[in-house]
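Reviewing the structure listed below.
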Amino acid sequence: MRILSPAEWAKLFRQWWFWRRENQAAPKGRWRTWVLLGGRGAGKTRAGAEWVREQVEQRGKRRIALIGPTFHDVREVMIDGPSGLRALSAPPPYYEASRRRVIWSNGAEAHALSAADPEGLRGPQFDAAWADEFCAWDKAEETWALLQLGLRLGENPQAVVTTTPKPIAALKRLVGLSTTQVSRSPTKANAYNLAPGFVEEMAARWGGTSYGRQELDGEIIADPEGALWRREDIETRRVSAYPALDHIVVAVDPPAGLDGDACGIVAAGGYRLGEYLHGIVLADASAQGLTPLAWADRAALLARALGTSVIVAEANNGGEMVRTVLHQAAPDMVVRLVRAQVGKRGRAEPIALLYEQGRVVHAGVFAALEDEMCSFGAPDYSGSPDRLDALVWALTELLIDAARPRVSRI
């Protein structure tokens with residue numbers, strides 16, 4: 001057996017087929033759509049770009065659609081990114097910015113299109129397509145339908161979809177088609193190409209949660225039948241900016257003891273939009289194994305960080321002791337005790353309805369809290385919804401009790 005020279009080894013390592021992982025390779029056989037579901041940093045972009053390069057250089061494809069969430073995403077990630085089309089060939093294909101197209105030396109063209117403007121897909125026709133971050137498309141259903149109508153050139157027009165999954169209806173329908181092939185690639189599979197410690201840090205933070213299974217393992221997380229909340233409703237109403245808040249509260253659901261359930265500590269804010277009050281979930285500082293003074297200090301610290309002086313706490317477990325430890329931790333704050341008059345589901349249902357109405361959004365990702373929300377109410381749910389209880393108390397205070405007329409006694 002001949003030993004390869006250093007130059008030959010270097011050339012070999014530049015060959016995608018040599019060092020790609022099996023889950024980055026397009027499926028064999030005849031299919032119309034290949035969906036590659038992957039965690040963050042799992043190598044999805046590289047796989048999509050390499051597939052397009054192969055179609056152009058080896059398969060005779062000449063008109064390719066490149067679709068991302070926005071035109072900016074298409075150019076910065078799919079075309080000019082470190083794993084984009086122009087990084088894979090020497091010399092790289094030319095990008096004609098005025099016409100938003102990539103041109104190869106053999107005459108093949110790839111046209112940049114935005115999922116934010118589905119009408120841009122009316123008219124053009126293609127023999128291949130690469131759709132990136134499908135679950136982040138604002139108009140996924142409409143954009144995908146128009147792409148399918150335009151994917152009509154050649155003997156076997158195909159599309160590859162690279163995305164971190166979310167449980168949206170468009171993705172569920174797509175992966176359920178008989179003409180779709182699905183591959184999965186977890187983040188940890190690409191650890192060699194990521195920063196040292198990244199995989200371990202993300203696993204420590206999100207491991208064991210549904211959010212981690214989605215964002216790191218590339219799983220589509222299905223909602224259990226009967227749960228009061230749906231992940232799709234939460235995902236579509238997640239925000240990074242919000243208006244000035246009229247009120248902020250920190251709600252506490254104290255545990256019965258040190259070794260039992262977690263202490264739920266959730267902060268939310270309220271504001272008026274038109275005739276209705278709206279809420280925004282700001283933070284989840286829940287923790288397990290804390291002494292009463294420790295969870296009281298934690299709640300007070302969160303309240304001060306958010307600039308509020310109002311703490312709402314359930315008094316069913318602990319009674320006046322709850323007020324006492326909170327006053328010790330935060331003597332300058334208003335502590336309002338609330339008592340549960342109905343069961344957990346009865347308290348949660350009005351809040352779930354507010355979510356359905358679009359009156360509550362999340363300012364960030366609260367993985368453990370959202371796992372409780374999207375499991376609670378299902379027949380087989382057996383956990384203790386401590387974070388959820390705190391969320392319900394906070395939003396009840398802001399959106400339900402605040403809407404009731406106040407009666408002053410003389």
Side-chain angles (χ1 to χ4, degrees), residues 7 10-20 24-26 32-34 36 38 41-134 136-139 143-144 146-163 190 193:
K11 182 179 179 180
L12 187 60
F13 272 100
R14 287 196 297 271
Q15 302 301 311
W16 173 245
W17 61 264
F18 177 77
W19 61 271
R20 71 185 177 193
Q24 290 178 301
R32 183 169 176 83
T33 306
W34 170 36
L36 174 55
K44 303 182 300 296
T45 301
R46 181 64 185 268
E50 289 284 3
W51 182 83
V52 171
R53 184 177 69 83
E54 180 182 337
Q55 301 308 301
V56 168
E57 296 180 359
Q58 301 176 30
R59 307 294 181 185
K61 300 296 177 71
R62 290 296 177 264
R63 291 186 62 83
I64 299 95
L66 305 176
I67 311 173
T70 66
F71 284 118
H72 177 80
D73 294 315
V74 175
R75 178 159 187 180
E76 296 302 315
V77 177
M78 301 173 73
I79 297 174
D80 282 334
S83 296
L85 293 171
R86 301 191 72 238
L88 305 184
S89 302
Y94 171 69
Y95 180 63
E96 187 179 14
S98 62
R99 297 185 62 181
R100 289 179 175 150
R101 64 175 181 170
V102 178
I103 305 173
W104 280 266
S105 58
N106 64 6
E109 299 179 2
H111 294 258
L113 298 155
S114 169
D117 179 26
E119 293 300 311
L121 278 88
R122 290 190 181 275
Q125 52 185 351
F126 308 99
D127 52 17
W130 173 21
D132 192 44
E133 291 302 348
F134 179 80
W137 291 7
D138 285 340
K139 302 174 181 177
T143 304
W144 185 253
L146 288 170
L147 172 62
Q148 295 307 295
L149 292 171
L151 198 58
R152 56 180 185 256
L153 294 180
E155 295 182 359
N156 185 27
Q158 294 175 311
V160 59
V161 175
T162 51
T163 189
N190 199 39
N193 294 308

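The first residue in the sequence is number 1, and the count goes up from there.
Comment: D127 does not engage K61 in a salt bridge, judged by the lack of any side-chain N to carboxylate O separation of less than 4.0 angstrom.
Taking each heavy atom of P92 and R86 in turn, the nearest pair found is CB-O, 3.1 Å. Here the shortest heavy-atom pairing between S114 and P69 reads OG-O, 3.5 Å. Residues W34 and A25 share a closest heavy-atom pair of CZ2-O, 3.5 Å. Across M78 and D132, no two heavy atoms sit closer than the pair SD-CB, 3.6 Å. When all heavy atoms of N190 and G41 are compared, the pair lying nearest together is ND2-O, 2.9 Å. Closest of all the heavy-atom pairs between A87 and G81 is CB-O, 3.9 Å.
Side-chain atoms of L147 and L113, non-hydrogen and from C-beta on, never get closer than 4.5 Å to each other. With a 4.5 Å cut-off on side-chain heavy atoms, W130 and V74 do not count as touching. The closest side-chain heavy-atom distance from P157 to R32 is below 4.5 Å. With contacts defined as side-chain heavy-atom distances shorter than 4.5 Å, the pair R152/F126 does not qualify. Residues V77 and E133 form no side-chain contact, since every pair of their non-hydrogen atoms from C-beta on lies 4.5 Å or further apart. Under the 4.5 Å side-chain criterion, counting only non-hydrogen atoms from C-beta, T162 is not in contact with W51.
Rounded to the nearest 0.5 angstrom, H111 NE2 and R63 CZ are separated by 4.0 Å. In this structure, the separation between CD1 on I79 and CG on D73 is 11.0 Å, given to the nearest 0.5 Å. For the atom pair CG of D117 and NZ of K139, the computed distance is 7.5 Å after rounding to the nearest 0.5 Å. The CZ atom of R122 sits 8.0 Å away from atom CG of L149, with the distance rounded to the nearest 0.5 Å. Atom CH2 of W137 sits about 9.0 Å away from atom OG1 of T163, to the nearest 0.5 Å. The distance from atom CG of L85 to atom CD1 of I64, rounded to the nearest 0.5 Å, is 9.0 Å.
For N106 (side chain) and V56 (main-chain N/O), a donor-acceptor pair under 3.5 Å exists by modelled atom type. Of the possible polar contacts, none joining the Q55 side chain to the A128 backbone as a donor-acceptor pair under 3.5 Å is found.
Around the CZ atom of R100, the shell of radius 6.0 Å holds no more than 12 heavy atoms that belong to other residues, nucleotides or ligands.
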